[in-house]
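All remarks here apply to the structure that follows.
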Protein chains: 2
Amino acid sequence: MSVDDAEALPERTRRRRAPKPHAAGVKAVAAAAGVSLGTVSNVLNRPEVVSPLTRAKVEAAMASLGFVRNESARQLRAGSSRILAYVMLDAGNPFFTDVAKGVEEAAQAAGLSVFLCTSSEDADREAAYLDLLEQQRVQGILITPIDQNSSRLRKLPSRGTPVVVVDRALDDASHCSVAVNDVLGGELAISHLLELGHERIAYVGGPNTIGQVIDRRDGARRALRTAGKPMSNLIELTTGALTVAEGRGAGQRLAGLPADRRPTAAFCANDLLALGLLQQCVSLGLRVPEDLAIVGYDDIEFAEAAAVPLTSVRQPRQLLGRTAAELLLDESSNPDHEHQRVTFTPELVVRTSTRGTL
Amino acid sequence: MSVDDAEALPERTRRRRAPKPHAAGVKAVAAAAGVSLGTVSNVLNRPEVVSPLTRAKVEAAMASLGFVRNESARQLRAGSSRILAYVMLDAGNPFFTDVAKGVEEAAQAAGLSVFLCTSSEDADREAAYLDLLEQQRVQGILITPIDQNSSRLRKLPSRGTPVVVVDRALDDASHCSVAVNDVLGGELAISHLLELGHERIAYVGGPNTIGQVIDRRDGARRALRTAGKPMSNLIELTTGALTVAEGRGAGQRLAGLPADRRPTAAFCANDLLALGLLQQCVSLGLRVPEDLAIVGYDDIEFAEAAAVPLTSVRQPRQLLGRTAAELLLDESSNPDHEHQRVTFTPELVVRTSTRGTL
DNA sequence: GCACTCTCTTGAAACCTTTCATCCAAACTC
DNA sequence: GAGTTTGGATGAAAGGTTTCAAGAGAGTGC
């Protein structure tokens with residue numbers, strides 16, 4: 001022990017400040033249990049390789065120290081996340097929450113958790129969430145995109161984050177997609193109304209930038225064509241959004257028409273519109289379906305619960321979500337996964353709003 | 001170059017396999033831009049300290065390499081998360097999605113992102129989410145808990161994850177909570193019905209394990225007491241859940257009663273019940289409000305949109321969410337934060353279902 | 001020219017976990 | 001009893017970022 005020794009040590013006062021006050025880590029647990037670091041990790045990740053006695057000691061130490069595994073560190077080292085995200089367009093529309101339920105079902109079955117994010121139809125928020133999720137290195141992203149041609153969206157898969165597009169049929173080869181045949185849905189709705197003898201039919205929907213709105217209208221036109229009716233029988237009422245409030249506005253416009261020019265039936269691009277329309281028309285004295293028959297789209301729970309139960313085009317909502325999640329899981333686990341485009345078939349549910357009582 | 005040199009090197013074939021194929025990190029960016037690691041980090045976190053020229057070079061390198069910051073590593077080192085979570089009871093109930101909207105507003109204003117989780121009224125799922133979020137070291141958790149006395153819930157704050165309880169008044173001192181005065185809400189509803197001259201009034205709600213259901217009923221009773229009416233004027237119909245389907249069931253029971261014993265008004269513990277009740281009663285030939293007046297609770301969007309617009313007790317849903325998020329932010333940033341219990345006041349919105357036209 | 005500032009840049013350490021090659025001792029094998 | 005197998009435990013290295021004390025140049029004042 002020479003004096004030199006003492007001087008040789010630089011004054012290591014470099015004290016990094018501890019970011020968080022205290023939080024027991026594997027190290028502390030290992031010390032408390034009298035085992036090594038690696039053993040604690042084994043208890044956490046491969047409990048079967050550690051002897052029951054040691055395991056018990058470690059588990060006791062964890063409990064008494066209130067150990068909480070640091071997921072960031074785990075993920076950094078292990079490189080895998082147990083999380084999957086669904087970026088929805090609008091949490092207020094029951095259609096999407098039902099899809100989310102399907103997603104969660106499938107995820108739970110695979111032992112994963114789901115985080116829900118809502119873009120609220122705001123492209124900036126959507127972009128921010130996509131960046132965040134990519135940085136988090138989530139297992140995969142399910143999304144009903146605002147703009148399906150966004151470059152951000154297209155780049156994700158090539159950088160290692162699988163993406164599945166929900167409720168939009170995508171012509172792009174970089175993702176899977178799950179959708180419902182909207183053209184057919186529109187056709188079903190209008191055929192039904194034509195069979196009931198309606199001649200002048202309104203199509204309520206908008207804006208015309210939304211794929212769904214266009215497809216459903218095209219389906220409506222096709223049904224007219226098939227029945228040999230003139231295209232002018234379809235009166236288009238364009239709305240600014242697919243909301244209850246817009247539906248009410250459309251009802252106002254419709255009810256304002258003279259009875260001999262007013263359509264006798266209306267087909268709405270979704271149920272929210274239809275519910276608004278229904279409410280407004282009834283409150284303005286029109287009888288549904290005698291004066292105006294109404295068909296909605298989505299068959300959300302509130303469609304059936306409306307005081308005049310709504311005829312609607314049903315989509316397999318939960319199945320949509322479940323399938324999307326399953327495609328995502330396949331993509332991230334199966335090395336020779338191939339992108340698919342799954343299309344479901346909608347179904348008409350007839351209720352009082354078109355058929356009257358019985 | 002002696003032979004010894006060659007032999008001195010142990011054969012370091014210890015090749016750890018690369019977990020992920022390739023993903024440009026700060027290191028690669030630094031190399032590409034010809035700067036040091038620390039500079040790249042500065043561009044990311046303190047752009048103002050790096051010269052414009054260098055910054056441009058680094059940013060160009062990032063873009064061309066498709067650099068995506070690894071959030072796990074960031075969080076591990078920096079110790080802070082930019083995420084906040086809201087664990088909801090039921091995404092299908094518009095009440096909760098509106099609360100979520102408020103949460104997101106406040107979070108966005110503070111530069112944070114929100115992940116939504118749904119427990120679907122399942123205690124195990126709730127527990128799993130809480131564990132996961134704690135392991136993720138999120139900034140904080142907002143929750144409408146299934147069981148507010150859960151030990152897991154109570155332990156979280158002491159381990160460093162702030163919690164705010166939403167829509168439940170908590171007697172515990174370890175969290176903030178934000179709620180609405182449900183007793184008062186019940187009182188408002190019944191007072192309104194009494195003023196309209198109703199004598200026999202049904203209270204539809206359940207199960208009686210839910211705080212809200214009990215409080216709203218107690219409010220109803222208090223209103224009767226205040227008005228000097230006998231308690232037997234309140235006929236209780238207990239339901240199994242707060243859903244549309246259960247509401248329909250209650251409607252069936254109600255409509256089945258002989259007219260002289262049937263209540264002339266019903267107060268439902270939430271709007272989903274009220275909508276189901278409304279639908280069933282109308283379809284069974286009762287007129288609303290002439291034969292049966294109905295008051296709901298929550299004033300969700302579909303209450304107003306029902307064909308007979310529903311009188312309902314409105315809660316400041318978004319404000320609830322916003323306030324909860326703000327309390328959480330205060331707790332995690334303000335060192336001398338004090339737990340609060342905020343209670344909002346509900347408001348009666350009168351519509352056709354009690355007052356008839358006009 | 002010299003001593004100082006000031007502005008940027010640098011690189012090693014630290015964050016907490018998982019992984020895996022090694023090691024140890026006890027139990028078999030012949 | 002020498003050699004081999006086996007069941008468990010070990011600890012150093014690695015993963016990608018942020019932080020911060022210290023270094024490098026350029027500029028300024030006298």
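Just so it is clear, the structure is predicted and the values come from calculations on it, not from any experiment. Throughout, a chain's letter reflects where its sequence line sits, starting with A, and its residues are numbered from 1.
Within 4.0 Å of N42(B), counting heavy atoms only, lies at least one base atom of the nucleic acid. Using a 4.0 Å heavy-atom distance criterion, G25(A) is classed as a sugar-phosphate-only contact. Using a 4.0 Å heavy-atom criterion, one finds that T39(A) contacts the bases of the nucleic acid, with or without backbone contacts as well.
Considering only heavy atoms from C-beta on, D90(A) stays 4.5 Å or farther from T97(B) through its side chain. In this structure, the side chains of Q136(A) and I83(A) stay at 4.5 Å or more apart for every pair of heavy atoms. Inter-residue side-chain proximity for Y86(B) and I141(B) is flagged as unmet; no heavy-atom pair is nearer than 4.5 Å. Put simply, the side chain of V58(B) reaches to within 4.5 Å of the side chain of V35(B), judged on heavy atoms.
Between the CD atom of E71(A) and the P atom of dT17(C) there is a distance of 11 Å, given to the nearest Å. Here the C1' atom of nucleotide dT10(C) and the CZ atom of R46(B) are 13 Å apart, to the nearest Å. Note: CZ (R82(B)) to P (dT18(D)) measures 13 Å, nearest angstrom. Rounded to an integer number of Å, the gap from N45(A) CG to dT17(C) C1' is 9 Å. Per the geometry, CG belonging to L37(A) stands 10 Å off C1' belonging to dA12(D), to the nearest Å. Atom-to-atom, NZ of K27(A) to C1' of dA14(C) comes out at 10 Å; the value is rounded to the nearest Å. Note: CD (Q135(B)) to P (dC16(C)) measures 15 Å, nearest angstrom.
One axis for each end of the helix from dG1(C)-dC30(D) to dC30(C)-dG1(D), each built from five base pairs, and the angle between them comes to 40° at 10° resolution.
With rounding to the nearest 0.5 angstrom, the CG atom of L142(B) is 12.0 Å from the OG atom of S177(B).
N334(A) contributes no side-chain N or O that, together with a main-chain N or O of D330(A), makes up a donor-acceptor pair within less than 3.5 Å. Between the S333(A) side chain and the L329(A) main chain, a donor and an acceptor come within less than 3.5 Å of each other. A donor-acceptor distance shorter than 3.5 angstrom exists from the side chain of S150(A) to the backbone of R152(A), with no hydrogens or angles considered.
Toward the 5′ end of DNA chain C lies the nearest nucleotide of E48(B), the other residue of the pair L76(B) and E48(B) mapping further downstream.
Residues R125(B) and E104(A) are paired through a salt bridge, judged by an N-O separation under 4.0 Å between the basic side chain and the carboxylate. Between E71(A) and R137(B) there is no salt bridge, since no side-chain nitrogen of the basic residue lies less than 4.0 Å from a carboxylate oxygen of the acidic one.
For S41(B), the side-chain atoms get nearest to dT18(D) when compared with the rest of dC8(C), dT18(D), dT17(C). Of the listed nucleotides (dT10(C), dT17(C), dG11(D)), dT17(C) has the atom at the smallest distance from the side chain of A73(A). Candidate nucleotides dC8(C), dT19(D), dT19(C) were compared by shortest atom distance to the side chain of S51(B), and dC8(C) ranks first. If you check dT17(D), dT10(D), dG15(D) against the side chain of R77(A), the one that comes closest is dG15(D). The side chain of N70(B) lies closest to dG16(D), out of dT17(C), dG16(D), dT19(C).
Within a heavy-atom distance below 4.0 Å of DNA chain D, the residues of residues 52-69 of chain B found are F67(B), R69(B).
A sub-4.0 Å separation between OP1 or OP2 of dG15(D) and a side-chain N or O of R74(A) is absent.
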